[in-house]
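Worksheet: one structure, shown below.
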Amino acid sequence: MTRNNRRRRAATIGTAVLMAGAMTALAGCSSGGSAAADGTLSMYTWVSSQSDRDQWESFVSLAQKEDPDLKITIDGPNFNDYWTKVKTRLSGSNPPCILTTQAARAQELEGLLLPLDDLIASNDVDTSDYDASMLDGMTVDGTIRAIPYDAEPIVLFYNVDAFTAAGLTPPGATYTRDQFISDAKALTSGDKKGLAIAPGISIPTAWATADGYSGVDEDGTLDLTNSDFVDEIQSFFDLVSVDQVANAPEAADSSDVSQAAFTSGDAAMLLEGPWMYGTFDEAADFTMGVTIVPSTSGEAHGMTQGSGFGIAKNCSDPDAAFKAILAMTTTPVLEAQAQSRGIVPSRPEAVPAWAEGKSPEAADAVNALLENASAYITTPTWNQVETLMSQYGVEGYRGEKTADEIMDTIQNSVGE
């Protein structure tokens, strides 16, 4: 099934067939996972910090404004541990009903997450109310496994003051690769670089997605050696080794290194998620702009990342869990989260709430990217891909190895 077909599958569900299957799905979940006698549901998620806990609690408290009877307890480890501990948590006593996942990791949790198509049909949910790319990312084996709450397209942050000082015209909601490279060269002088780059695979994949290519094929199989994808990765490596507009990242660098280079003014541009807007705006002493990820044509093609709420397959009351998920993803809830937490909502009608207090070009860029977006879809082995790209990608940036060699090494090492 092609990605577009999966998207259409997410948006239009055959209700007659699904209603017939709904009772089977609910009966299959009649034992196991927890829903307390008083109706309290448990949610297992990543809680890396008090900020994480505050976010989850705000989802619940905001949903309670429309459903005062809603009760959800929250528990979970830090983000990195979540993806392994969730599997053992569900096999233990009193397992949770609600789980969180990212679109990029939904494939990993396929065996844990209940297909939601039957519940979507029985609750008359119009899936077109949610970002299509994120529903695509939450679709595994032809069925939707989670309802997204955000849809975050990777954007290009830039230093407006640096552009002005160099006599450059800041980009709008279109940006060609040729113009981007020309600008980046003009912004590079001595220790100052046009772009800051972090190690890893996600940002190079966003670069490739801007031209319509991915390292995962239409069947969901790892496809890092696809010639078009390899060419895109090589062009990203060339920003360092050929165009010399960025420093090569070190394998051990965290994203903090590239982010600090941008906010300190040592790099004029940075590819990152829009969730960082508030953090960057507060840290930077310059006027900040936002545009699309540059593409060959100059037109926007976004790579969305985001998370959502799913239901454990062994949940004892999936209907109650689904109603709770719907309550936490209403337009008012997502608008409030956009304003207070800075997320780009998964419901298009709530996206204007994210734009409040931000520059008009930032809103234009995000809207343009969302209008033509593909989810950041990965495979169950993507953690290995990320680790290996951080390790071997440094050689690509330094011009010591080609993207063809590096992608082939990673593909063979992962074994898909």
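Residue pairs meeting the salt bridge (charged side-chain N to carboxylate O under 4.0 Å, His left out) criterion with at least one partner in residues 257-273, sequence neighbours excluded, are Lys192-Asp266. Sorted pairs that involve residues 294-303 and meet salt bridge (charged side-chain N to carboxylate O under 4.0 Å, His left out), not counting sequence neighbours, are lacking altogether. Among residues at least two apart or in separate chains, salt bridge (charged side-chain N to carboxylate O under 4.0 Å, His left out) pairs with a member in residues 234-246 are Lys185-Asp243.
Geometrically, Arg177 engages Trp207 in a cation-pi contact defined by less than 6.0 Å to the ring centre and at most 45° from the axis. Relative to the six-membered ring of Trp83, Lys85 misses at least one condition, a distance below 6.0 Å or an angle of at most 45° to the axis.
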### Query
When you look at Leu239 and Gln244, which way does the side chain to side chain contact (heavy atoms under 4.5 Å, CB included) test go after all the steps?
CA-CA 6 Å; Leu239 295 174; Gln244 300 183 345; over 6 Å; no

### Message
Walk me through whether His301 and Thr209 qualify under side chain to side chain donor-acceptor pair (under 3.5 Å).
### Response
CA-CA 7 Å; His301 187 161; Thr209 300; over 6 Å; no

### Task
Could you check Ile144 against Ile120 for side chain to side chain contact (heavy atoms under 4.5 Å, CB included), going step by step and ending with a plain yes or no?
CA-CA 9 Å; Ile144 297 173; Ile120 287 171; 3.7 Å; yes

### Query
Can you list the steps and then say if Gln339 with Glu356 is a side chain to side chain donor-acceptor pair (under 3.5 Å)?
CA-CA 7 Å; Gln339 293 163 344; Glu356 292 178 13; 3.2 Å; yes

#### Entry: Trace of the side chain to side chain contact (heavy atoms under 4.5 Å, CB included) decision for Leu114 with Arg145
CA-CA 6 Å; Leu114 180 75; Arg145 303 302 178 99; over 6 Å; no

### Task
Verify side chain to side chain contact (heavy atoms under 4.5 Å, CB included) between Val293 and Met303, making sure each step is shown before the conclusion.
CA-CA 9 Å; Val293 179; Met303 185 187 84; over 6 Å; no

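In this pair, Phe309 and Tyr149 present their aromatic rings tilted. The plane angle is within the 30 to 60° band. Between Phe280 and Phe157, the angle of the ring planes goes over 60°, which puts this pair in the perpendicular group of the 30/60° scheme.
Under a 3.5 Å cut-off, the side chain of Asp217 and the backbone N or O of Thr221 do form a donor-acceptor pair. The main-chain N or O of Glu405 is found under 3.5 Å from a side-chain atom of Thr402 such that the two form a donor-acceptor pair. The main-chain N or O of Ile201 is found under 3.5 Å from a side-chain atom of Glu386 such that the two form a donor-acceptor pair. Although no hydrogens or angles enter the test, the distance criterion places a donor-acceptor pair under 3.5 Å between the side chain of Thr291 and the main chain of Gly172. Thr381 places no side-chain N or O within 3.5 Å of a backbone atom of Gln384 that could act as its donor or acceptor partner. Between the Asp211 side chain and the Thr296 main chain, a donor and an acceptor come within less than 3.5 Å of each other. In terms of modelled atom types and a separation under 3.5 Å, the side chain of Asp281 and the main chain of Tyr277 share no donor-acceptor contact. Proximity of a side-chain donor or acceptor of Asp150 to a complementary backbone N or O of Glu152 within less than 3.5 Å is not detected. Formation of a donor-acceptor pair under 3.5 Å by the Arg347 side chain with backbone atoms of Thr329 is found in this model. A donor-acceptor contact shorter than 3.5 Å links the side chain of Trp56 to the backbone of Trp46.
Side chains of Ser133 and Ser374: no donor on one and acceptor on the other come within 3.5 Å. For the 3.5 Å distance criterion, the side chains of Glu349 and Thr331 qualify, holding a donor opposite an acceptor. Side-chain contact annotation: Arg341 with Ser51, donor-acceptor N/O pair under 3.5 Å present.
Atom CG of Asp141 is separated from atom CD of Gln107 by 9.0 Å, given to the nearest 0.5 angstrom. Interatomic distance, CD1 of Ile377 versus CZ of Arg105, reported as 15.0 Å (0.5 Å rounding). Interatomic distance, Leu224 CG to Ile233 CD1, rounded to the nearest 0.5 Å: 8.5 Å. The line from CE of Met328 to CG of Leu334 is 10.5 Å long, rounded to the nearest 0.5 Å. Considering CD1 of Ile147 and CD1 of Ile325, their distance stands at 7.0 Å, rounded to 0.5 Å. The CG atom of Asp161 sits 4.0 Å away from atom OG1 of Thr287, with the distance rounded to the nearest 0.5 Å.
Val344 has its side chain within reach of Leu370: a pair of non-hydrogen atoms, C-beta onward, lies under 4.5 Å apart. A 4.5 Å side-chain heavy-atom check between Leu135 and Asp131 finds every atom pair outside the cut-off. Side-chain atoms of Asn367 and Leu369, non-hydrogen and from C-beta on, never get closer than 4.5 Å to each other. When side chains are defined from C-beta on, Pro115 counts as touching Lys313, because their heavy atoms get closer than 4.5 Å. Using a 4.5 Å heavy-atom cutoff, the side chains of Arg89 and Pro96 are in contact. In this structure, the side chains of Ser202 and Trp382 stay at 4.5 Å or more apart for every pair of heavy atoms. The shortest side-chain heavy-atom distance between Val155 and Ile292 does not fall under the 4.5 Å cut-off. At least one side-chain heavy atom of Phe262 sits under 4.5 Å from a side-chain heavy atom of Met288.
The number of heavy atoms from other shown groups lying within 6.0 Å of NZ (Lys401) does not exceed 12. By the 6.0 Å contact criterion, CD on Glu282 is open, its count of non-hydrogen atoms from other residues, nucleotides or ligands being 12 or less.
Shortest non-hydrogen contact noted between Tyr175 and Leu156 is CE2-CD2, 3.7 Å. Minimum interatomic distance between Ala146 and Met138 (heavy atoms only, all atoms of both residues): O-CB, 3.4 Å. Leu119 approaches Pro318 most closely through the heavy-atom pair CD1-O, 4.0 Å. In this structure, Ala350 and Pro345 approach most closely via the heavy-atom pair O-CG, 3.5 Å. Here the closest non-hydrogen pair linking Ala248 and Arg398 is CB-CG, 4.1 Å. Of all heavy-atom pairs spanning Leu90 and Leu99, the tightest one is CD1-CD1, 3.7 Å.
Residues satisfying the side chain to side chain contact (heavy atoms under 4.5 Å, CB included) criterion with Ala196, sequence neighbours excluded, are Ser258, Ala261, Ala267, Leu270. Remark: Asn226 pairs with Asp223, Asp228, Phe229 by the side chain to side chain contact (heavy atoms under 4.5 Å, CB included) rule, at least two apart or across chains. Under the rule for a side-chain hydrogen bond (donor to acceptor under 3.5 Å, both in side chains), the partners of Ser58 that lie at least two apart in sequence or sit in another chain are Gln337.
Side-chain rings of Tyr82 and Tyr44 approach one another, their centers coming within less than 6.0 Å.
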